[in-house]
Amino acid sequence: MQSTRSTRLLSLARRFVHMRTAAQSARDSTGLGTEKSSGAASTSGTEQTTHFGFQTVRESEKEQKVHEVFEQVANSYDMMNDAMSLGIHRVWKDVFVERLGPTHGMRLLDMAGGTGDITFRYLRYLANQPNPQQRPSHVTVSDINQHMLDVGEERAKRLGLTTDQLSNCTVAWQCADAEKLPFPDASFTAYTIAFGIRNCTHVDKVLSEAYRVLQPGGRFMCLEFSHLTNETIQWLYDQYSFQVIPPMGQLLAGQWQAYQYLVESIRRFPKQEQFKQMIKQAGFEQVSHENLTFGVVSIHSGFKL
């Protein structure tokens with residue numbers, strides 16, 4: 001029995017090594033893994049470059065590459081979130097919505113809302129609040145990837161969280177680019193974006209659009225992977241991120257490169273204080289951030305005053 005178990009473990013280890021070697025070869029051939037500065041002029045002309053994980057690409061290419069990543073992982077997205085975070089992402093999202101503190105009458109834009117995790121928490125939070133005046137609320141779930149929205153809509157039907165099944169609350173699903181929102185000025189009282197802003201090409205444009213569509217007094221909230229405050233824990237986190245998550249993506253979802261990109265995109269995202277300044281530059285006031293789990297993720301908040 002012990003011999004059989006050892007043989008299986010050895011076989012699995014060899015499989016991991018083989019996959020890592022193959023993936024490294026693929027990254028070397030495409031330039032992935034070589035970190036370059038973003039914003040430099042492209043060698044093919046005047047078009048600017050940006051980062052796609054650790055790879056440098058033309059700005060016009062990044063949107064399509066990100067779209068392909070989330071198209072590939074849409075059906076396994078929620079399962080992989082549970083596996084990668086050991087379920088802790090659920091706690092982070094619960095805290096995020098609690099910090100938002102939804103109230104009846106709120107009009108929320110849940111950007112990069114994809115499979116609906118934040119929206120469903122928002123709807124359930126409202127359902128648990130008394131509403132004696134029967135004030136109507138609303139949420140628009142928006143994502144640049146229609147496949148993610150399709151998964152979210154199906155989940156909403158299964159959970160009984162559609163407009164037809166809710167009381168005093170409407171839900172809309174709309175495919176849209178966070179950098180070029182199709183909504184009028186001052187359309188919403190709150191804007192949330194969870195684990196999505198780091199995938200955008202121009203974060204400053206996302207923030208500017210968030211400011212535009214919010215009403216005066218409206219609140220911007222972002223939940224995003226961030227940078228740990230302890231160097232030792234950061235090292236351990238890096239080992240887990242780069243050595244475990246891509247193989248896990250291959251074994252559970254058949255997607256190594258997609259999860260390699262997701263890990264790399266976290267490392268390229270600005271640190272907490274830098275992102276805080278970007279939010280201020282977009283016009284938001286009373287800007288703050290709160291680290292969760294030693295800074296693995298951070299909640300950023302700002303108001304349009």
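Because only heavy atoms are used, hydrogens play no part in the values below, and waters and symmetry mates are left out as well, while side chains stay in. For the single chain, residues carry numbers from 1 onward in sequence order.
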- Message: Is there a side-chain contact between N81 and K93 in this structure, where contact means two heavy atoms from C-beta onward sitting under 4.5 Å apart?
- Response: yes
- Task: Find out if a path of hydrophobic residues (ILVMFWY) with successive side-chain heavy-atom gaps under 4.5 Å connects V244 to W235.
- Result: no
- Task: Rounded to the nearest 0.5 Å, what's the gap from CG on N145 to SG on C175? Could you check?
- Result: 7.0 Å
- Item | Within 6.0 Å of CD in Q239, more than 12 heavy atoms from elsewhere | yes
- Examine distances only and state if a side-chain atom of R198 and a backbone atom of R268 form a donor-acceptor pair shorter than 3.5 Å. no
- Below 4.5 Å, heavy atoms only, C-beta onward: do T119 and L161 meet side chain to side chain? no
- Message: Using only atom types and a distance under 3.5 Å, with no angle test, would you say the side chain of R121 pairs donor to acceptor with the backbone of E98?
- Response: no
- Kindly write out the residues that satisfy side chain to side chain donor-acceptor pair (under 3.5 Å) with Q234, not counting sequence neighbours, or none if the list is empty. D238
- N/O donor-acceptor pair under 3.5 Å between H104 side chain and L126 backbone: yes
- Taking side chain as C-beta onward, heavy atoms only, is V141 less than 4.5 Å from Y122? no
- Message: For a side chain to side chain donor-acceptor pair (under 3.5 Å) check, start with the C-alpha distance between H289 and Q272, then their side-chain angles and the critical distance, and finish with the verdict.
- Response: CA-CA 7 Å; H289 75 268; Q272 290 90 322; 5.3 Å; no
- Under 3.5 Å: donor-acceptor pair, side chain of S265, backbone of L262: yes
- Between M84 and Y259, is any pair of side-chain heavy atoms under 4.5 Å apart? yes
- Listed by chain and number, what are the side-chain contact (heavy atoms from CB on, under 4.5 Å) partners of V95, not counting sequence neighbours? V91, R99, L292, I299
- Message: With a 4.5 Å cut-off on side-chain heavy-atom distances among I, L, V, M, F, W and Y, is there a chain of contacts connecting F195 to L228?
- Response: yes
- Query: In Å and rounded to the nearest 0.5 Å, what is the CZ to CG distance from R90 to D94?
  - Reply: 9.0 Å
- Item | Worked verdict on Y261 versus N199 for side chain to side chain donor-acceptor pair (under 3.5 Å) | CA-CA 10 Å; Y261 158 72; N199 298 307; 2.7 Å; yes
- Query: To the nearest 0.5 Å, what is the distance between OG (S226) and NE2 (H300)?
  - Reply: 5.0 Å
- Message: What I'd like to find out is whether the side chain of F269 reaches to under 4.5 Å of the side chain of F225, using heavy atoms alone.
- Response: no
- Query: Is there a side-chain contact between P270 and Q277 (heavy atoms, below 4.5 Å)?
  - Reply: no
- Thinking salt bridges, do R155 and D117 make one under a 4.0 Å N-O criterion? yes
- Message: Taking atom CD as the centre, does E231 end up with more than 12 heavy-atom neighbours from other residues, nucleotides or ligands that are less than 6.0 angstrom away?
- Response: no
- Would you kindly confirm whether M221 and F303 end up in one hydrophobic cluster when ILVMFWY residues are joined by side chain heavy atoms under 4.5 Å apart? no
- Query: Of I118, V139, V97, which is the lone residue that meets side-chain contact (heavy atoms from CB on, under 4.5 Å) with T192?
  - Reply: I118
- Message: side chain to side chain donor-acceptor pair (under 3.5 Å), that's the test. Do E264 and Q260 meet it? Break it down for me.
- Response: CA-CA 6 Å; E264 292 173 351; Q260 181 76 30; 3.0 Å; yes
- Message: Could you measure the distance from the CD atom of Q250 to the CD atom of Q257? Nearest 0.5 Å is fine.
- Response: 9.0 Å
- Query: C222 versus F275: any side-chain heavy-atom pair under 4.5 Å?
  - Reply: yes
- Task: For the residue pair F188 and H138, categorise the inter-ring angle as parallel (less than 30°), tilted (30 to 60°) or perpendicular (more than 60°).
- Result: parallel
- Message: Exactly one of I193, V287, L109 should register a side-chain contact (heavy atoms from CB on, under 4.5 Å) with F220. Which one does?
- Response: I193
- Note on the structure: Sorted by chain and number, sequence neighbours left out, side chain to side chain donor-acceptor pair (under 3.5 Å) with S301 holds for R219
- Using a 4.5 Å cut-off on heavy atoms from C-beta on, say whether the side chain of V213 contacts that of M111. no
- Message: Test of understanding: clusters of I, L, V, M, F, W, Y form through side-chain heavy atoms closer than 4.5 Å, transitively. Do W92 and F294 belong to the same one?
- Response: yes
- Can you tell me how far the CD1 atom of I197 sits from the CG atom of L223, to the nearest 0.5 Å? 11.5 Å
- same_hphob_cluster(L159, L123) at 4.5 Å side-chain heavy-atom cutoff: yes
